[in-house]
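Below is one structure, written out as structure tokens; the observations come after it.
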Amino acid sequence: MRAPARLVARVVTRVVTVVVCLATVPLWALPARAAPSTRLLIVGDSITHGSASDYTWRYRLAKHLAAVAPGTVDFVGDRTDLYDNVNGRSGSQSYLDANFDRQHHALWGRAVSAEKDTIAAAVASSDATTMTVLLGINDLAWLGQTPVGLAADMERLIANARSANPDLDIVLGHVLTRGDLWRRTVIDAGLIAEVNRQYDALANRLSTSRSRVVIANTDAGWDPVRHTWDGVHPNSTGEVRIAAKFADGLSQLGIGRAYGTIPDFVVWGAGGGGAVTARPVAGGITLTWARTPGANAIYIEQRIVSIGEGIFKPLPVPLTGTTWTAKPLPAGWTIEYRAVPLKGVMVGHGGAVGRATVPGTPPVGQPEIVGVIGETQHDVRLLWSTVSNASGYMIEMCELRGELACGEEGNSWNRLPYALPHPTNSFTVELLNPGTWYRFRIVPVNGGLDGTKSNQVDIRTKGTPAYTNYFALGDSFSAGTGGFLDETYCLRSPFAWPLEITASWEASARMLACGGNTARDVIDKQLPDLRAVHARGSTMVTVTAGGNDAGFFGALVNCLLIGPDCAGQRQEITDRINGIVRTRLVELYTKLRAELPGADIYAVGYPLLIDPDDVCLDDTELTLSREDKVMIRDMGLLMNDVIDSAAQEAGVTSVAYKPAERFAGHGACAGALDRDAWIHSFIVPEVQISFHPTETGYDAYAYAVNAARVNVAEAGGLRYP
């Protein structure tokens, strides 16, 4: 790079002065540093001047040159400032990063027609060796200059600059187009293209070996809609593009290297201008924040912590002040806020977060909920009592799936997405699965503050599910004793009714029933086996129990084997059924429902073994009087009554009476009247099958239980846990 004689003389004079002043300092103590070989004067208008919270393209160029030609370029000029675009004045120093050589000679609103008369003084005062120029848009857009007239003014500007330094090298930037950001169109593209053709011709004509003029193709790939924040002034992406094109032009003069790949998008680095202060006020939250220099507005972003929002979401309207009250807000909601600066259409990032909770008091009192089975297979209706200080009522529900209770892992409570406004006290829940148990409760709310939850109600929708689990529990009447035995230990039979009641698309029965088991045995022996199987889909359970607890079968056999006076045991058996048997059945049914809250549980009763009017054809008539038969019938009726009441108390489905109804007229001695006996009479060699159903009897049992299933499918179910 050549330096004018005047500049060399100045450098020599300065060096001599420094040597004189530092003559007493040892030479080895002086830092070895060469003076920059290029003094670069950056000339331009607002695009080059930049505004508050810009990096500026000057910054981007400085960082590039520092990387590729460190210490060789010194930015010179009479200014270091930015334009305060919010208050409309120059003098701002609010760079996003002020750590670069900020000297320049650019001014907001500058035109070539004005700069041509002042450029000589600027070059002389800065001792510039090289000059970049990006001017012309103001002349065209606001002063009405023609492309030819603008080129003539630019030629005069170059001549005046050379008058101050005949060896001045110049990089002349193409004029950039403007954009209409609303219509997303480019303004005056043809006019700008003609100006740039004039500039190209000017550079070719004026460039000399002593004072070279090269073009920076700043318009190449320029899109004012994508690369500006207001249609004119560059955003961060535009800054990099302009800097890259001037770097390419400087590299033609031997200064640094070409820029290389230009990124397609560069994030604006402006933050939120400090923390948002959030202060709770009645019914809302008041926010204050520091203004971000250069930002003409901010977006408030919020994240509602109380409803589990994971990301910040912008509110739809930008704000121009430094305070705002969000109101009305639900009481009890905790919300986080941050401010995001806007500069035209350029969006920064959120600053430090402010957080507050809306004040308020929770509802007073506990609502009471009742359920109504729906009209269809897909709906139920809820009704509840209202409480004071409630703004609304949230419905919470969960599906009871087999063994999974509400609140357990994998089966959480779910809230309907909105609160029903006070004083609403009823709601129909729709789109439910048919044949499914659901649990509901009501939570009164005051905004985001929860009150005391209501009681709970379980409702089974109408319809028949395709069960994925079926457990058959109980004693010999579920095991199938009386049919052909294929297992002597539990007296199970392939003709057992649990094996016949399921449809082809349903799960087959898991046979846990065992002959001779009491209700206590079912609890202690069969429930652990059921518990070992994870029943998490639609589930059915049937159970017969209680007969062995009453000792009823043993008493009947003793009557036949030992002698008369069966009737004399009436009171003892009655007391036992009403006492210990009922207690055990309530415990069994309750435990079953606790183990499988989402299951359809059927408490199945017993057939009546003998009709008092039937005359047996075998030896049973010899030992059973009519009074004995009446007692046996009455104890059977009482047993089924106790099964029914225990089932209702525990909240399971009672099938206590249907087997007896189905077996009517087909007792153990029905053959004497030319009717089919569906129950074996007393068979001495095979006592274990005496007074148990035959194969036909078990078919009748299956019909009886399935009739109950049909009733449940048609009617649904309701219980209060």
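Along the sequence shown, the residues carry numbers beginning at 1. Note that the structure is a prediction, hence the values are computed from the model and not measured.
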Might you point out which heavy atoms bring [X] and [Y] nearest each other, and give the distance in Å?
X	Y	value
Gly546	Asp475	N-OD2, 4.3 Å
His692	Thr481	CB-O, 3.1 Å
Phe663	Ala700	CE1-CB, 4.0 Å

For [Y], is there an ion pair with [X] - N to carboxylate O distance below 4.0 angstrom?
X	Y	answer
Glu301	Lys313	no
Arg460	Asp600	yes
Glu714	Lys462	no
Asp549	Arg520	no

query = So which of Leu473, Val543, Val705 actually passes side-chain contact (heavy atoms from CB on, under 4.5 Å) with Val604?
reply = Val705
message = By the definition side-chain contact (heavy atoms from CB on, under 4.5 Å), identify the one residue from Asn578, Thr583, Leu585 that meets it with Val581.
response = Leu585
task = In sequence, state the C-alpha distance, the side-chain angles, and the governing distance for Glu368 and Asn455, and then conclude on side chain to side chain contact (heavy atoms under 4.5 Å, CB included).
result = CA-CA 6 Å; Glu368 183 176 352; Asn455 61 304; 3.7 Å; yes
query = With Lys343, which residues qualify under side chain to side chain donor-acceptor pair (under 3.5 Å), at least two apart?
reply = Ser51, Asp54
ask   = With sequence neighbours excluded, what pairs up with Gln377 under the side chain to side chain donor-acceptor pair (under 3.5 Å) test?
value = none
message = For a side chain to side chain contact (heavy atoms under 4.5 Å, CB included) check, start with the C-alpha distance between Ile523 and Lys591, then their side-chain angles and the critical distance, and finish with the verdict.
response = CA-CA 8 Å; Ile523 293 171; Lys591 285 184 178 294; 3.8 Å; yes
Parallel, tilted or perpendicular: rings of Phe440 and Tyr438 (30°, 60°) = tilted
inquiry  = For Tyr393 and His422, take the angle between the two ring planes, folded into 0 to 90°, and tell me which bin it lands in: parallel under 30, tilted 30 to 60, perpendicular over 60.
reply    = tilted
inquiry  = Using only atom types and a distance under 3.5 Å, with no angle test, would you say the side chain of Asp634 pairs donor to acceptor with the backbone of Met631?
reply    = no
message = Can a donor-acceptor pair be found, under 3.5 Å and without considering hydrogens, that links the side chain of Thr518 to the backbone of Asp521?
response = yes
List the residues meeting side chain to side chain contact (heavy atoms under 4.5 Å, CB included) with [X], not counting sequence neighbours, and say none if there are none.
X	value
Thr590	Val586, Ala650
Ser426	Arg381, Leu383
Arg184	Val225
Ala297	Pro318, Thr320, Leu342

Tell me, please, which residues at least two apart from [X] pass salt bridge (charged side-chain N to carboxylate O under 4.0 Å, His left out).
X	result
Glu506	Arg709
Arg719	Asp458
Arg279	none

request  = Decide yes or no on side-chain hydrogen bond (donor to acceptor under 3.5 Å, both in side chains) for Thr288 and Thr323, but give the supporting numbers first.
outcome  = CA-CA 4 Å; Thr288 56; Thr323 186; 5.7 Å; no
If you draw a 6.0 Å radius around [atom1] in [X], do more than 12 non-hydrogen atoms from other residues or ligands fall strictly inside?
X	atom1	answer
Arg510	CZ	no
Glu375	CD	no
Tyr657	OH	yes
Glu572	CD	no

request  = Not counting sequence neighbours, list each pair that qualifies as a salt bridge (charged side-chain N to carboxylate O under 4.0 Å, His left out) and has a residue in residues 410-421.
outcome  = Glu396-Arg415, Arg415-Asp450
request  = Scan for salt bridge (charged side-chain N to carboxylate O under 4.0 Å, His left out) pairs involving residues 644-666, sequence neighbours excluded, and state none if there are none.
outcome  = Arg582-Glu649
inquiry  = Do Arg441 and Trp413 form a cation-pi contact, if we require the NZ or CZ to be under 6.0 Å from the six-membered ring centre and within 45 degrees of the ring's axis?
reply    = yes
Atom pair CG (Asn446) and OG (Ser391), whose distance is rounded to the nearest 0.5 Å = 4.5 Å
task = Name all pairs fulfilling the disulfide (SG to SG under 2.5 Å) condition that reach into residues 303-352, sequence neighbours left out, sorted by first residue then second.
result = none
query = Is the closest side-chain donor-acceptor distance between Thr361 and Asn389 under 3.5 Å?
reply = yes
